[in-house]
A.B. asks: 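My questions all concern the structure below.
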Protein chains: 2
Amino acid sequence: MRMGEGVEWGLHCCLTLAWIGDQEPISTAKLAEHFGVPPTYLNKCLQALVRAEILRSVSGARGGFCLAKRPDELTFLDVVIAVEGPDAAFRCTEIRQNEGCSRDEKRRPCAIAGAMQEAEEAWRTALKAQTLADIMQKAPAAAAERTRRWYQEVRR
Amino acid sequence: MRMGEGVEWGLHCCLTLAWIGDQEPISTAKLAEHFGVPPTYLNKCLQALVRAEILRSVSGARGGFCLAKRPDELTFLDVVIAVEGPDAAFRCTEIRQNEGCSRDEKRRPCAIAGAMQEAEEAWRTALKAQTLADIMQKAPAAAAERTRRWYQEVRR
DNA sequence: GCCGGTATACTCGGATATATTATGTCCGAGTATATGTGG
DNA sequence: CCACATATACTCGGACATAATATATCCGAGTATACCGGC
């Protein structure tokens, strides 16, 4: 089981955009250069965030992405679902059905699947409790400062 | 992000073995037939459980697998780790390092990675709290009964 | 009838293929800026 | 000098390749049972 890199990239990009706090968009190229990741693939991940209405995209010259939500309204769960999709990691394929269980058994949910779903619910709850605003506070102030300086250099 | 099917299969196999509660091993072929899954691949998954000392395997004719732990000592987390490996789903690649952050920043753990790890810890905690014995109680008694009847038919 | 030896069928275990997913690349559509031209 | 038309550079967005992983298969090593011959 492995989460795609897009989640990490997406979260860091959201944090960067939040710190800059400007409505002027930043291009994929600048962000990719900043983080040292392949530009076109980063673009693909950011597109997923746009579809989820987490980012807003602007086409054309001087285009790019900016945050579409307030940091305290944006949770980690939102980003994870946007990039990785809404499906649960564990998917019950109901192999118990092959055992020839009775109709009465079939009506009840599979106990194993239930336990797995419960665990994932705990995971989602934890992710939902973390907003981007929380991280902005936790992270060292120097990081925010550095990000803003970088932006001033590359904005043009 | 997607968990392999082996986890579901492994859990159902453990449950079946626990219900039968016999020390006589059951072959992959019988279990695979029972669940309607490819036998050789199921075998591969069960091997992973053997390596984790969750199952015990017996080679040769009349060989197969049996449970190596008491059901109340076997957690869902054990099975998941055995099949999927011990690595976390989210892996921080420290892309922030590329931003040119100071030595002081580098010493602190990445706040984003921290939040993700915290969420996974909640997930693991939930999985650790679920033992096989718990599931044996939750599941309908009819299922246990049916499993034992099936075993009496195929044991020879 | 009983014992020992041999052949046989069965099973695990790991090495090897295929399918699916994630990662990475490329090119077209669209937009703001820069440039040039006429009034 | 100003307004407008045109050319140009830049950016997103999705279609298209490649790499990594999960799924599925195959074959060899080993073991218990069945069979067979001798006593």
Side-chain angles (χ1 to χ4, degrees), chain A residues 1-10 13 17 23-33 35-66 68 80 82-85 87 89-91 93 95 154-156, chain B residues 1-10 13 17 23-33 35-66 68 80 82-85 87 89-91 93 95 154-156:
Chain A
M1 188 180 43
R2 180 173 194 146
M3 185 171 289
E5 304 196 49
V7 173
E8 183 184 9
W9 300 357
C13 285
L17 291 172
Q23 284 314 306
E24 202 166 333
I26 304 183
S27 73
T28 302
K30 293 199 179 70
L31 288 168
E33 164 72 20
F35 290 118
V37 300
T40 51
Y41 186 44
L42 175 61
N43 184 265
K44 186 180 193 128
C45 297
L46 296 182
Q47 282 175 35
L49 296 179
V50 170
R51 278 191 288 274
E53 302 187 345
I54 291 169
L55 299 184
R56 192 165 51 82
S57 74
V58 177
S59 268
R62 296 190 66 80
F65 298 88
C66 42
V80 169
V83 176
E84 289 286 314
D87 293 341
F90 178 88
R91 299 164 203 196
T93 59
I95 62 174
V154 302
R155 70 180 304 180
R156 186 75 271 271
Chain B
M1 187 179 45
R2 180 174 195 147
M3 186 171 289
E5 303 197 49
V7 173
E8 183 184 10
W9 300 357
C13 286
L17 291 172
Q23 283 316 304
E24 202 166 333
I26 304 183
S27 72
T28 303
K30 294 201 178 69
L31 289 169
E33 164 73 20
F35 291 119
V37 301
T40 52
Y41 186 44
L42 175 60
N43 185 266
K44 185 178 193 132
C45 297
L46 296 181
Q47 282 175 35
L49 296 179
V50 170
R51 277 190 290 274
E53 302 188 345
I54 292 170
L55 299 185
R56 193 165 51 83
S57 74
V58 177
S59 268
R62 295 188 69 80
F65 298 87
C66 42
V80 169
V83 176
E84 289 286 314
D87 293 342
F90 179 87
R91 297 159 204 201
T93 60
I95 62 175
V154 302
R155 70 180 305 180
R156 187 75 271 268

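Naming convention: chains lettered A, B, ... in sequence-line order (proteins, then strands); numbering from 1 in each chain.
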A.B. asks: Would B/Arg91 and A/Glu8 count as a side chain to side chain contact (heavy atoms under 4.5 Å, CB included) if you check the C-alpha gap in whole Å, the side-chain angles of each, and the deciding distance to 0.1 Å?
C.D. replies: CA-CA 8 Å; B/Arg91 297 159 204 201; A/Glu8 183 184 9; over 6 Å; no
A.B. asks: Would you tell me if any nitrogen or oxygen in the side chain of A/Ser57 comes within less than 4.0 Å of OP1 or OP2 on D/dT11?
C.D. replies: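 So the side-chain polar atoms of A/Ser57 never come under 4.0 Å of the phosphate oxygens OP1 or OP2 of D/dT11.
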A.B. asks: Whole angstroms only, please: what is the CD-P distance between A/Glu8 and C/dT23?
C.D. replies: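 In whole Å, C/dT23 P and A/Glu8 CD are 11 Å from each other.
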A.B. asks: With nearest nucleotides of DNA chain C determined for A/Ser59 and A/Gly4 from heavy-atom distances, which residue corresponds to the more 5′ nucleotide?
C.D. replies: A/Gly4
A.B. asks: What is the distance, rounded to the nearest whole Å, between atom CG of B/Leu46 and atom C1' of C/dG14?
C.D. replies: 15 Å
A.B. asks: For D/dC12 and A/Thr28 - does any side-chain N or O of the residue sit under 4.0 Å from the phosphate oxygens OP1/OP2?
C.D. replies: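 Indeed, a polar side-chain atom of A/Thr28 lies that close.
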A.B. asks: Across the strands shown, which category fits B/Arg51 at heavy-atom distances under 4.0 angstrom: base, sugar-phosphate, nothing?
C.D. replies: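 Here B/Arg51 touches the backbone only, sparing every base.
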A.B. asks: Heavy-atom distance under 4.5 Å between the side chains of B/Asp87 and A/Arg2, does that happen here?
C.D. replies: no
A.B. asks: Just do the side chain to side chain contact (heavy atoms under 4.5 Å, CB included) check on B/Arg155 and B/Lys30 with the steps written out, would you?
C.D. replies: CA-CA 9 Å; B/Arg155 70 180 305 180; B/Lys30 294 201 178 69; over 6 Å; no
A.B. asks: Of the nucleotides D/dC12, C/dG24, D/dA24, which has the atom closest to the A/Ser27 side chain?
C.D. replies: D/dC12
A.B. asks: Could you state the atom-to-atom distance from CZ of B/Arg56 to P of C/dC12 in whole Å?
C.D. replies: 13 Å
A.B. asks: Taking the side chain as C-beta and beyond, is there a heavy-atom pair between B/Asn43 and B/Phe65 under 4.5 Å?
C.D. replies: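 B/Asn43 reaches B/Phe65 side chain to side chain.
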A.B. asks: A/Tyr41 has an atom OH; how far is it from atom C1' of D/dT18, in whole Å?
C.D. replies: 13 Å
A.B. asks: What nucleotide, of C/dC12, D/dC12, D/dA24, holds the atom closest to the side chain of A/Asn43?
C.D. replies: D/dC12
A.B. asks: Whole-Å distance between D/dA19 C1' and A/Glu5 CD?
C.D. replies: 12 Å
A.B. asks: Base, sugar-phosphate, or nothing for B/Thr40, non-hydrogen atoms under 4.0 angstrom?
C.D. replies: base
A.B. asks: B/Arg91 CZ to D/dA20 C1': how many Å, rounded?
C.D. replies: 12 Å
A.B. asks: What is the distance from CZ of B/Arg155 to C1' of C/dC10, rounded to the nearest Å?
C.D. replies: 17 Å
A.B. asks: Expressed in angstrom and rounded to an integer, what is the separation of A/Glu33 atom CD from D/dT11 atom P?
C.D. replies: 13 Å
A.B. asks: Between A/Gly60 and A/Met1, which has a closest nucleotide on DNA chain D that is more 5'?
C.D. replies: A/Gly60
A.B. asks: Using only heavy-atom distances, decide whether a donor-acceptor pair under 3.5 angstrom links the side-chain of A/Lys44 to the base of C/dG24.
C.D. replies: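 It does, because a donor-acceptor pair links the side chain of A/Lys44 to the base of C/dG24 below 3.5 Å.
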A.B. asks: Could you please name the option among C/dT11, C/dA32, C/dT23 that lies closest to any side-chain atom of A/Ala61?
C.D. replies: C/dA32
A.B. asks: Does any part of the side chain of B/Leu46, heavy atoms only, come nearer than 4.5 Å to the side chain of B/Leu31, both counted from C-beta?
C.D. replies: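 Yes, close enough: below the 4.5 Å cut-off.
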A.B. asks: Side-chain contact test, heavy atoms from C-beta onward, threshold under 4.5 Å: evaluate it for A/Cys13 versus A/Leu42 and give yes or no.
C.D. replies: yes
A.B. asks: Please check the phosphate of D/dT11 (OP1 and OP2 only) for any side-chain N or O of A/Lys30 closer than 4.0 Å.
C.D. replies: yes
A.B. asks: Please determine if a side-chain N or O atom of B/Gln47 lies less than 4.0 Å away from the OP1 or OP2 oxygen of C/dC12.
C.D. replies: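 Answer no for this pair, as no side-chain N or O of B/Gln47 is under 4.0 Å from OP1 or OP2.
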A.B. asks: Could you tell me whether the phosphate oxygens of C/dT31, OP1 or OP2, come under 4.0 Å of any side-chain nitrogen or oxygen in A/Arg62?
C.D. replies: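 No, because none of the side-chain N or O atoms of A/Arg62 sits under 4.0 Å from OP1 or OP2 of C/dT31.
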A.B. asks: OP1, OP2 of C/dA22 versus side-chain N and O of A/Arg2: anything below 4.0 Å?
C.D. replies: no
